[in-house]
Student: 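Sharing a structure below in structure tokens format, with a few things to ask.
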2 protein chains.
Amino acid sequence: MEIVKQLSYIPLFEGLEQRHLEHLAAIVAKRKYRRGETIFSEGAEANGFYIITSGKVKIFKTAPDGKEQILHIFGMGEPFGEVPVFTGRSYPANAEALSDASTFFFPRNAFIGLIKQDPSLALNMLSVLSMRLKRFAALIEDLSLKEVPGRLAAYLLYLSQQNRNARDLTLDISKTQLAAILGTIPETLSRILSRMTYEGIIESDERHHIRIKDRKALELLADGNKIVR
Amino acid sequence: MEIVKQLSYIPLFEGLEQRHLEHLAAIVAKRKYRRGETIFSEGAEANGFYIITSGKVKIFKTAPDGKEQILHIFGMGEPFGEVPVFTGRSYPANAEALSDASTFFFPRNAFIGLIKQDPSLALNMLSVLSMRLKRFAALIEDLSLKEVPGRLAAYLLYLSQQNRNARDLTLDISKTQLAAILGTIPETLSRILSRMTYEGIIESDERHHIRIKDRKALELLADGNKIVR
DNA sequence: ATGTTTTTTTGATTTAGGTCAAGGAAAACG
DNA sequence: CGTTTTCCTTGACCTAAATCAAAAAAACAT
């Protein structure tokens, strides 16, 4: 079966036995979303969770005035919306497709049934949730204990690490989105980027591209030191 | 066995079969801490997690300048330090006893062994982690999208809910600690408390006690509205 | 009690970063 | 293409909250 093969490539299902993959294939549904489309809204009743098979999805909270804080941007192979599968009944945040996106949808009850039968699946899911808690803890730390330049520096270093410490980073999101990830607004981000360029820490010639020129300085910033001007 | 009985009262172990409780009892170790004692530090290697049997423990991150952000304060029956059991190997934050505290300690590998044998235990743990993710998401929202009065209002309402919507709240932490929970400093908290008292929203006659006088106003504040002065 | 330490409050000042406004540059779309 | 829409940048300004300083009030210990 084709779907079983696709499922086997998903980290969450890594190491599962063939028969369990087949069970998963039996309960999964495909769902597609267009760029900008809402996948679910905070508070909406949840009856399952998703795994991205193509495209990008942002998970975010919004203030009454419209400002948004992105909690996470998920891509290929990553699950989202799993929290209400195990607690409560409603999604704790909003999800929207950043690009056209395809997903697998797993209905809650059927999935819980499978978890009861397969400890590896349970452990994989525990690992996913734990990793997410770690990232959230880091985000809380950033928001509370660092200023915007520090958060930006930490984010750039994080991006760099994702690409085996590349010096040249390709932002695959708009700067407005980046601002929403860092917990600030586009104007502030813009100012800080140009300040960091002026300081010789980074270089941002073309759109969606940032080159790290002084990694050491970024590390200092990410650790709470201020820019010396 | 006495320990099995104690374990059966812990929410994480609710609904477990007798024999699984006995397995847990076989791997558990008791650990005690004195007020102010460090239980673990961020980055330290983790080989197990804890459940509080008495006292209080704070989980927090610190900035180089000493400012701290409390992620959570745990009490009786609550587990902490579980994240590295399922991912990575080191604690992502610090833990310190707020009062003298006793804990059960569960070694990592033995516990994972039990999870593999008992889907209910896995599901309970999934539920604990999911609930925690929800709270973290709320904290991120507060830090990023609300100002300090809004965060305080949200916290007071949360406290009230914990006590079946009581009007009289007993803070069991110092105001300095409360400030660290809200992501601010004692001076700011003090000013906001007196402003809210002046506005007639709360009343704070004696130490460690706050009475909600205008719940509606608190709800408005928690939703992002400003105090009308 | 009496002194000592910790917590809380109050005041004066500074500052990071948000708001408002407007122009310019890409990108999306018919 | 040209046009519309979204995105990004820059400037002037404002405000929430941090910092610095110091006193008052509790809590703690002797």
Side-chain angles (χ1 to χ4, degrees), chain A residues 34-36 58 63-70 96 98-100 142-153 171-198 202 204-210 221 224-229, chain B residues 34-36 63-70 98-100 142-153 171-198 202 204-210 221 224-229:
Chain A
R34 264 165 296 129
R35 172 175 214 274
K58 74 171 171 190
D65 70 356
K67 189 187 173 193
E68 70 180 42
Q69 171 68 46
I70 295 178
E96 182 187 310
L98 277 184
S99 60
D100 289 1
D142 286 355
L143 288 173
S144 171
L145 303 177
K146 291 178 188 161
E147 320 196 316
V148 182
R151 288 178 228 160
L152 173 59
L171 283 244
D172 44 339
I173 49 172
S174 74
K175 287 182 179 164
T176 305
Q177 305 282 9
L178 178 53
I181 289 177
L182 300 178
T184 185
I185 56 174
E187 293 96 316
T188 298
L189 175 60
S190 179
R191 286 183 236 272
I192 288 168
L193 279 171
S194 62
R195 187 152 108 234
M196 283 170 72
T197 303
Y198 173 75
I202 59 169
S204 182
D205 37 0
E206 55 181 294
R207 210 179 174 71
H208 281 226
H209 172 265
I210 290 177
L221 267 175
N225 299 271
K226 325 256 170 184
I227 291 185
V228 196
R229 76 202 86 190
Chain B
R34 263 164 296 129
R35 172 174 214 273
D65 72 355
K67 190 187 172 194
E68 71 180 42
Q69 171 67 48
I70 295 177
L98 277 182
S99 61
D100 289 0
D142 287 356
L143 287 172
S144 171
L145 304 177
K146 290 177 189 162
E147 319 194 316
V148 182
R151 288 178 226 159
L152 174 59
L171 284 243
D172 42 323
I173 49 173
S174 75
K175 287 182 179 165
T176 305
Q177 306 280 9
L178 178 53
I181 289 177
L182 300 178
T184 186
I185 55 175
E187 294 96 315
T188 298
L189 176 60
S190 178
R191 286 183 236 273
I192 288 168
L193 279 171
S194 63
R195 186 153 108 234
M196 284 172 72
T197 303
Y198 174 75
I202 58 169
S204 182
D205 37 0
E206 55 182 291
R207 210 180 176 69
H208 282 224
H209 172 266
I210 291 178
L221 267 175
N225 299 271
K226 325 255 171 184
I227 292 185
V228 197
R229 76 201 86 193

Student: Just by protein heavy atoms under 4.0 Å, how would nucleotides 20-30 of chain D read 5' to 3' in B, S and -?
Tutor: B-----SS---
Student: Can you tell me how far the CD1 atom of B/Ile192 sits from the CZ atom of B/Arg151, to the nearest 0.5 Å?
Tutor: 8.5 Å
Student: Treating a pair as Watson-Crick (purine N1 to pyrimidine N3 plus N6-O4 or O6-N4) or G-U wobble (N1-O2 and O6-N3) with both distances under 3.5 Å, list the stems of 3 or more consecutive pairs that involve DNA chain C.
Tutor: C:1-22 with D:9-30, C:25-30 with D:1-6
Student: Return the value, rounded to whole Å, for the distance between atom CG of B/Leu178 and atom P of C/dT7.
Tutor: 14 Å
Student: Heavy atoms only: give me the nearest A/Leu143-B/Ser144 pair and the separation to one decimal.
Tutor: CD1-CB, 4.1 Å
Student: Go through the structure and list residues passing side chain to side chain donor-acceptor pair (under 3.5 Å) with B/Asp172, not counting sequence neighbours.
Tutor: B/Lys56
Student: Not counting sequence neighbours, which residues clear side chain to side chain donor-acceptor pair (under 3.5 Å) with A/His209? List them please.
Tutor: A/Asp168, A/Asp205
Student: Between A/Ser194 and D/dT9, is there a contact of a side-chain N or O with OP1 or OP2 at under 4.0 Å?
Tutor: no
Student: Kindly say if B/Lys175 contacts the phosphate of C/dT9, meaning a side-chain N or O under 4.0 Å from OP1 or OP2.
Tutor: yes
Student: Please report the distance, rounded to the nearest Å, between CE in A/Met196 and P in C/dG17.
Tutor: 13 Å
Student: Tell me: CG of B/Leu189 to C1' of D/dA18, nearest whole Å?
Tutor: 14 Å
Student: From D/dA17, C/dT9, D/dC8, pick the nucleotide closest to the side chain of B/Thr188?
Tutor: D/dA17
Student: What pairs with A/Lys175 under side chain to side chain donor-acceptor pair (under 3.5 Å), at least two apart in sequence or on another chain?
Tutor: none
Student: Taking only N and O in the side chain of B/Thr184, is any of them less than 4.0 Å away from OP1 or OP2 of D/dA18?
Tutor: yes
Student: Would a 4.5 Å heavy-atom cut-off, applied to side chains only, mark A/Leu221 and A/Leu152 as touching?
Tutor: no
Student: Where the side chain of A/Glu147 is defined as all heavy atoms beyond and including C-beta, which of C/dG17, D/dT9, D/dC8 is the nearest nucleotide?
Tutor: C/dG17
Student: To the nearest Å, give me how far apart CD (A/Gln69) and P (C/dG18) are.
Tutor: 11 Å
Student: Rounded off to whole Å, could you give me the CD1-to-C1' distance for the B/Ile185 and D/dA16 pair?
Tutor: 11 Å
Student: Drop me the distance from A/Leu98's CG to A/Arg35's CZ, to the nearest 0.5 angstrom.
Tutor: 8.0 Å
Student: What pairs with A/Glu68 under salt bridge (Lys or Arg N to Asp or Glu O under 4.0 Å), at least two apart in sequence or on another chain?
Tutor: A/Lys58
Student: Pull out every protein N or O sitting under 3.5 Å from an N or O of nucleotides 4-6 of chain C, one pair per line with the distance.
Tutor:
none

Student: Send over the distance from B/Ile192 CD1 to D/dT15 C1', rounded to a whole Å.
Tutor: 13 Å
Student: Would you give me the side-chain donor-acceptor pairs under 3.5 Å for residues 181-189 of chain B, sequence neighbours excluded?
Tutor:
none

Student: Would you kindly give the CZ-to-C1' distance between B/Arg151 and D/dA17, to the nearest whole Å?
Tutor: 9 Å
Student: Rounded to whole angstrom units, what separation is found between the CD1 atom of A/Ile173 and the C1' atom of D/dT6?
Tutor: 16 Å
Student: Output all residues satisfying side-chain contact (heavy atoms from CB on, under 4.5 Å) with A/Ser174, sequence neighbours left out; order by chain, then residue number.
Tutor: A/Thr176, A/Gln177
